[in-house]
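In what follows, a single structure is set out as structure tokens and then discussed.
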There are 2 protein chains.
Amino acid sequence: MVMMASRGETRAQVLQTASSLFSRQGFHATGVTQVLAEADAPKGSLYFHFPGGKEQLAAEAVSVGAGELGQVIDTLIERAPDPASAITAMADLLVARLEGSDFADGCPIATVALDAGADSTPIRAACRAGYDQWLASIAGYFAGLGVSAETASELALLALSSLEGALLLAKTRRDTAPLHRVADRIAALITQEVAA
Amino acid sequence: MVMMASRGETRAQVLQTASSLFSRQGFHATGVTQVLAEADAPKGSLYFHFPGGKEQLAAEAVSVGAGELGQVIDTLIERAPDPASAITAMADLLVARLEGSDFADGCPIATVALDAGADSTPIRAACRAGYDQWLASIAGYFAGLGVSAETASELALLALSSLEGALLLAKTRRDTAPLHRVADRIAALITQEVAA
DNA sequence: ACCATATTATAGAGACCGGTCTAGCGAGTT
DNA sequence: AACTCGCTAGACCGGTCTCTATAATATGGT
């Protein structure tokens, strides 16, 4: 007579673990066995909670990870006194994640997007939705500062692209300097653009 | 009586195929069987040419891919009449690669770097070397235009980061617009910076 | 209070493919 | 002819994702 976990609890735990592992290792490097083991979840329950199998698990995991980081970004932006601070705050967040995880935790979307986005439409859709959510947050912030909607969306795209690229270089070099340097330049550019 | 490929030919062919496949699919999603099959290379000869196995193959494949794209970049830069053209030429190159491959061919380093860089030191070293080579090319170009060495290297970092990030978003959205928008902004910024 | 039934959850095995290695075949040379 | 060297086919072990048969809990009628 073995206790069963209560409804929904196991699913959430698996999803949380999956989000972390997929984010660090990518789709193909992460096995469902590893996810279930680290989540202390029973081996066989995967296909009950996620009938779509590994693909569904990954898609939902990306959504969870993107949503969580999105909320942190929203908070950061809210508290930023000016656009330059908003950019550097986001960069500092990424730096802290890198340093706090021996350069394992980067962007919760990027690795999966590159590694599985080409093969799986649902996964790519989840990645795209995550990025769109972030872009909307950042663009909304800029728009609130008085720039046109189109400019706001372009600056958001520029900011996110630069940070993602810098994050990629930082991970590859195991050095957070690219993140700092790029963020400073982009912050200056955006300050100038918002002032105009 | 079966003909054997002449010395070195098979190795180069395998390396070329591996470069293409790892670049598109990443490390863990690409099997050595697939590489050898697509290269029309005998199954067993992998460990003769690459005693380090899949890891060595991937590291060398990244070097090859990075070197080839690096040469293209060098040519592009050489022929650019001004720094803005250099940036947009690089972006156009990436756009052409995406469009010519149904969004499969992006950066020959990025996917492998994120997907295997954390696990394998040799692979990460190859990725890093590739990026460093590109950065040196771009920074050298800027330095030749009269800006200080430090500024040149910072602008190169900014340009590469932005393009890599925009490429990631473009692949995820299957839309080259991010690449165009980001390149235009960065080109303007760099023009302004070089003029100063 | 009791049992039948539907729902929720799980263990373990099945089918398959991964990278790796070793024993042996081809060709060129003495 | 015999020997060496370059090269390769095929099998090995381990791990992958997936599925089905079964256990545990909740529900509702009598």
Side-chain angles (χ1 to χ4, degrees), chain A residues 1-19 21-22 24-62 111-112 115-116 118-123, chain B residues 1-19 21-22 24-62 111-112 115-116 118-123:
Chain A
M1 165 142 117
V2 181
M3 282 282 289
M4 284 199 302
S6 64
R7 175 181 175 75
E9 193 174 306
T10 298
R11 191 181 201 279
Q13 175 66 19
V14 169
L15 214 41
Q16 193 64 38
T17 306
S19 169
L21 288 176
F22 281 127
R24 296 182 192 195
Q25 309 176 340
F27 180 76
H28 291 280
T30 304
V32 293
T33 308
Q34 183 189 10
V35 172
L36 293 167
E38 246 175 76
D40 268 323
K43 171 111 192 272
S45 64
L46 209 181
Y47 283 77
F48 171 74
H49 291 296
F50 305 92
K54 193 188 184 185
E55 185 178 41
Q56 181 187 351
L57 176 63
E60 291 198 29
V62 166
T111 308
V112 174
D115 165 271
D119 302 330
S120 160
T121 304
I123 293 178
Chain B
M1 165 144 119
V2 180
M3 281 288 286
M4 285 198 300
S6 65
R7 174 175 177 78
E9 195 173 306
T10 297
R11 191 180 201 279
Q13 175 67 20
V14 169
L15 215 42
Q16 194 65 38
T17 307
S19 170
L21 287 176
F22 281 129
R24 296 183 192 195
Q25 308 176 343
F27 179 76
H28 291 280
T30 304
V32 292
T33 307
Q34 184 189 8
V35 173
L36 294 166
E38 246 175 77
D40 269 323
K43 170 112 192 268
S45 64
L46 210 180
Y47 284 77
F48 172 74
H49 292 295
F50 305 92
K54 192 187 184 185
E55 186 178 41
Q56 181 187 352
L57 176 63
E60 291 198 28
V62 165
T111 307
V112 174
D115 166 89
D119 301 330
S120 160
T121 305
I123 293 180

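Below, chains carry the letters A, B, ... as their sequence lines are ordered, and counting in each starts from 1. This structure is a prediction, so every number in the text was calculated from the model and none was measured.
- Taking atom NZ on B/Lys43 and atom P on C/dC21, their separation rounds to 13 Å, with Å as the unit.
- You'll find that the side chain of B/Val32 is closest to C/dG19, out of C/dA9, D/dC7, C/dG19.
- In this structure, A/Gln34 atom CD and D/dT16 atom P are separated by 8 Å, rounded to whole Å.
- The interatomic distance linking A/His28 (NE2) with D/dG15 (C1') rounds to 16 Å, in whole Å.
- Between the CZ atom of B/Phe50 and the P atom of C/dG19 there is a distance of 14 Å, rounded to whole Å.
- If you take CZ of B/Arg11 and P of D/dT8, they are 13 Å apart, rounded to a whole angstrom.
- Between the CZ atom of B/Phe48 and the C1' atom of D/dT8 there is a distance of 10 Å, rounded to whole Å.
- Atoms CD (A/Gln56) and C1' (D/dC17) sit 15 Å apart, rounded to a whole Å.
- Checked against C/dG19, D/dT16, D/dG6, the side chain of B/Lys54 finds its nearest nucleotide in C/dG19.
- The minimum heavy-atom distance between B/Ala39 and B/Gln13, with the atom names listed, is O-CG, 3.4 Å.
- Annotation: cation-pi geometry not satisfied between B/Arg11 and B/Phe48 (NZ/CZ under 6.0 angstrom from ring centroid, within 45° of ring axis).
- The side-chain heavy atoms of A/Phe27 and B/Asp115, taken from C-beta on, include no pair separated by under 4.5 Å.
- Here the P atom of nucleotide D/dC19 and the CD atom of A/Glu55 are 12 Å apart, to the nearest Å.
- A distance of 7.0 Å separates CD1 in A/Ile123 from CZ in A/Phe22, rounded to the nearest 0.5 Å.
- Dashed line: the shortest gap from a side-chain N or O of A/Ser45 to OP1 or OP2 of C/dA9 is not under 4.0 Å.
- The listed nucleotides are C/dT10, C/dG19, D/dC17; the one nearest the side chain of A/Thr33 is D/dC17.
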